[in-house]
Amino acid sequence: MSFTSKNLNSVQLEAVKSKNQHILILAGAGSGKTRTLTYRIAYLIHEKNVDPSNILAVTFTNKAAREMKERVEKLAKGNLAKLWIGTFHSMFARLLRMEAKALPYGSDFTIYDSDDQVNAIKKVMSMLNIPQQLHSPKLFQARISQAKNKMISPDKLEVKKDDNFDVLLPDVFRRYNEFLHENNAVDFDDLLLLPMQLFNDHPSILKKYHRKFKYILVDEYQDTNKAQYSLIHQLMSKNSHICVVGDEDQSIYRWRGADINNILNFNKDYPEAKVFRLEENYRSNKYILNGAGALISNNTERLGKDLWTNRKDGDPIILMDAENESDEAKKIVENIHKEMFSKKRSFKDIAILYRTNAQSRALEDELRKNAISYAIVSGVKFYERKEIKDILAYLKVITNPRDSVSLRRIVNFPLRGIGETTVGKIEKFAEALNISLLEGMGKVQEVISISSGMANRVLEFYEMINKYQKSSKKISAAELTSSLTHETGIITHLKNEYDQYESESRIDNVYELFSTIEIFSTEREQEKKDSSLSAFLEDVALLSDIDSMNTTRNSVTMMTLHSSKGLEFPVIFITGMEMGLFPLQRNFADNSELEEERRLLYVGMTRAQENLYLSYARSRRRFNNINYTTPSLFLDEIPSEFTEERLAGSSATGKGKSKRHTRRKKLLEYFHQEDESQEEVTSYAIGSRVYHETFGKGEVIGVEGQGDKMKISIKFEGEVYKKLIAQYANLTPIEISD
DNA sequence: CTTTATGGTTTTTTT
DNA sequence: AACCATAAAG
């Protein structure tokens, strides 16, 4: 049998077999938490005869869900088609489509990605006459998403009355929601909020799911936000069982609304819950584990735990310095070679992690030069490439004719002579008739101000969309996409628009999309699941970076520290260990944010099994200028007994150098400089008046950022809005009496 | 009205 | 690389 001490340690086994209704598993990095969760699901099905359809298991990524499902299948040997396992977003998107009748949305609603969301905001801003130069649409999008994560409605937003942005926010928020509704579209956050609304409005539906989900299991519970927390809470009935797994030290998504209190207060929600602690680490060697442990002990917002390992010593953590980012890349390549020759490792054993995606560039160049095969976990993501997004926009319009954001994207792509002005006219017309933009295009001949020549072009486009809407019910999704791409001239466009090399690569991407759709539909058909175009679009919208990671190719993996959560590799390189980069500049000031950065490094370090390298560069090019850097304060927090320094200055490799003190000093200097630079800059009060050489007199209506990054929004005379960088703008304050 | 060329700006992390 | 604003040409 699988459920014995052969496969699990005693605590794991106890947790797997626990009869308690509510279970909290506090599990350190590498302690086998996913394994425990997987075995528990299998145990429930195989030993306790729980029907898979009564289980809801929520994971953090689709990849994790896929792997967990495969493992449960092997252990439980049952038919798991009815097991609900997936991410919050994909599970509840599925639920929403099933219950669409009770919703004010059609079942073919579109899920807007962040790009679509920003476009929607832009539209809303123009409707409300808010110039984009005044406030960035992205900022509205971020703030609205934050509010939704915290379940704050537009009316309940806390706004600063003297801040122009804050004053506008509730209106933008409200109109944005209305806009989504008109477009039969939802954003990521709605996928969590709408089910709650649905359950509130239809108690019978909630009852149905209360009966259905007798067992709820949640992985990575420390990274759930308020909406996710409440949703799970709502789904729990008196008789249902909940089992959550998490580690407060690995909470790295607080900026996205994750609330660490969800896990810290689990016992308050379920006082009779049984708590299991998994503290034996099976992944990393002693140096790595203890180094990471020492680092994280600097955090105050934690429960605290002692991870231990039975493993032999192994190699210490290697600290490396470099001249600049390309030197850093070179040293990493050197060490990759060393790892391969002396330890017989292959590319796939190695991962390089960084704080920001932009850092991958220098590394890529060097790896390519050395013919090291590498795979980036979504730098420029496949589904975010222009050629792919354009085709997806066609598909979105075909499945959801009310989606005006996608419609606007494709109406003049490839160019067919239908410009902004014409679309604007049709839009006004459609609004007056209370019909969708696409329907308006069908009646374009009724718009007086549009010439018949123009109207014909619009009609031709409209007819084409119409044709594909009809044929979407007959031909396969892949066929439709291929025929559409050729008929619209997208392929020809790609051939002509770019140089040969780029054309080829873009066209390759398009063909890859065709085959992805093909594979998707055949797989779904085999599983007797929804293989429609809208199912495909949903799948794509909810894909996470890590989901598309290719594990079959033998290559070095490169990704952000965030993406690395839940993974493990024999060899890990963590790059850019510099003040301002890791931790990031903007996360210095606030201690909680600094602690989150520290947790992020902790997550990165604990991905390593055998060898861990931490590197920093003395100078680094960022935003096209060279910055001289100071090593990260986190390096100071890893005791030298766990590290070995390979510094360019010092000869060879010595253990536990006494450079610590100077480094600490440097650090203090750094902070000191920071403080000073912030004090020196004049502050600009909102409402105060200033004078600018070119633009004349104006009123300050917004300030963002600090120090040399401070940007000032100003309303100059004659309704001219500008956003200027304080440092360069050379503004002169004017007395108010003026 | 629409298209095209040009230059500036943008990035922290992501479902 | 993608997206904007702007200006000038068709």
Minimum-distance nucleotide (side-chain atoms of A:Thr356 versus B:dC1, C:dC4, B:dT13): B:dT13
Taking every non-hydrogen atom, the tightest pair across A:Pro414 and A:Tyr394: CD-OH, 3.8 Å
Test salt bridge (Lys or Arg N to Asp or Glu O under 4.0 Å) applied to A:Glu328 and A:Arg620, step by step: CA-CA 10 Å; A:Glu328 181 184 42; A:Arg620 185 177 295 272; 2.9 Å; yes
Minimum-distance nucleotide to A:Thr560 side chain [options: B:dT15, C:dC3, B:dT13]: B:dT13
Touch class at under 4.0 angstrom, heavy-atom based, for A:Arg506 against every strand present: sugar-phosphate
Polar side chain donor-acceptor pair, A:Ser114 to A:Gln117, under 3.5 angstrom: no
Under the side-chain contact (heavy atoms from CB on, under 4.5 Å) test, residues paired with A:Asp508 that sit two or more places apart: none
A:Lys122 side chain near C:dC4 phosphate (N/O to OP1/OP2, under 4.0 Å): yes
Euclidean distance for C1', B:dT12 against C:dC4 (whole angstrom): 22 Å
Range-with-range stems of DNA chain B (Watson-Crick or G-U pairs under 3.5 Å, three or more in a row): B:1-10 with C:1-10
Non-hydrogen atoms of A:Ala430 and A:Gly440 that approach each other most closely: CB-CA, 4.3 Å
Nucleic acid footprint by protein, nucleotides 2-8 of chain B - heavy-atom cut-off 4.0 Å, B for base, S for sugar-phosphate alone: SSS----
Under 3.5 Å: donor-acceptor pair, side chain of A:Glu248, backbone of A:Arg302: no
Ring-base stacking, A:Trp255 with B:dT12 (5.5 Å, 30° cut-offs): no
Candidates A:Asp189, A:Asp190, A:Asn225 - the one meeting side chain to side chain donor-acceptor pair (under 3.5 Å) with A:Lys148: A:Asp190
A:Asn357 side chain near B:dT12 phosphate (N/O to OP1/OP2, under 4.0 Å): no
Closest listed nucleotide, where the reference is the side chain of A:Lys138 and the choices are B:dC1, B:dT14, B:dT11: B:dT11
Over all atoms of both residues, closest heavy-atom pair of A:Phe582 and A:Ser632: O-OG, 2.9 Å
A:Asp113 CG - C:dC3 P separation (whole Å): 11 Å
Short side-chain N/O contact from A:Lys425 to OP1 or OP2 of B:dC1, under 4.0 Å: yes
Whole-Å gap separating C1' (B:dT12) and CE (A:Met559): 17 Å
Close aromatic pair by centroid cut-off 6.0 Å: A:Tyr253 and A:Phe60: yes
Minimum-distance nucleotide (side-chain atoms of A:Arg355 versus C:dA2, B:dT12, B:dT15): B:dT12
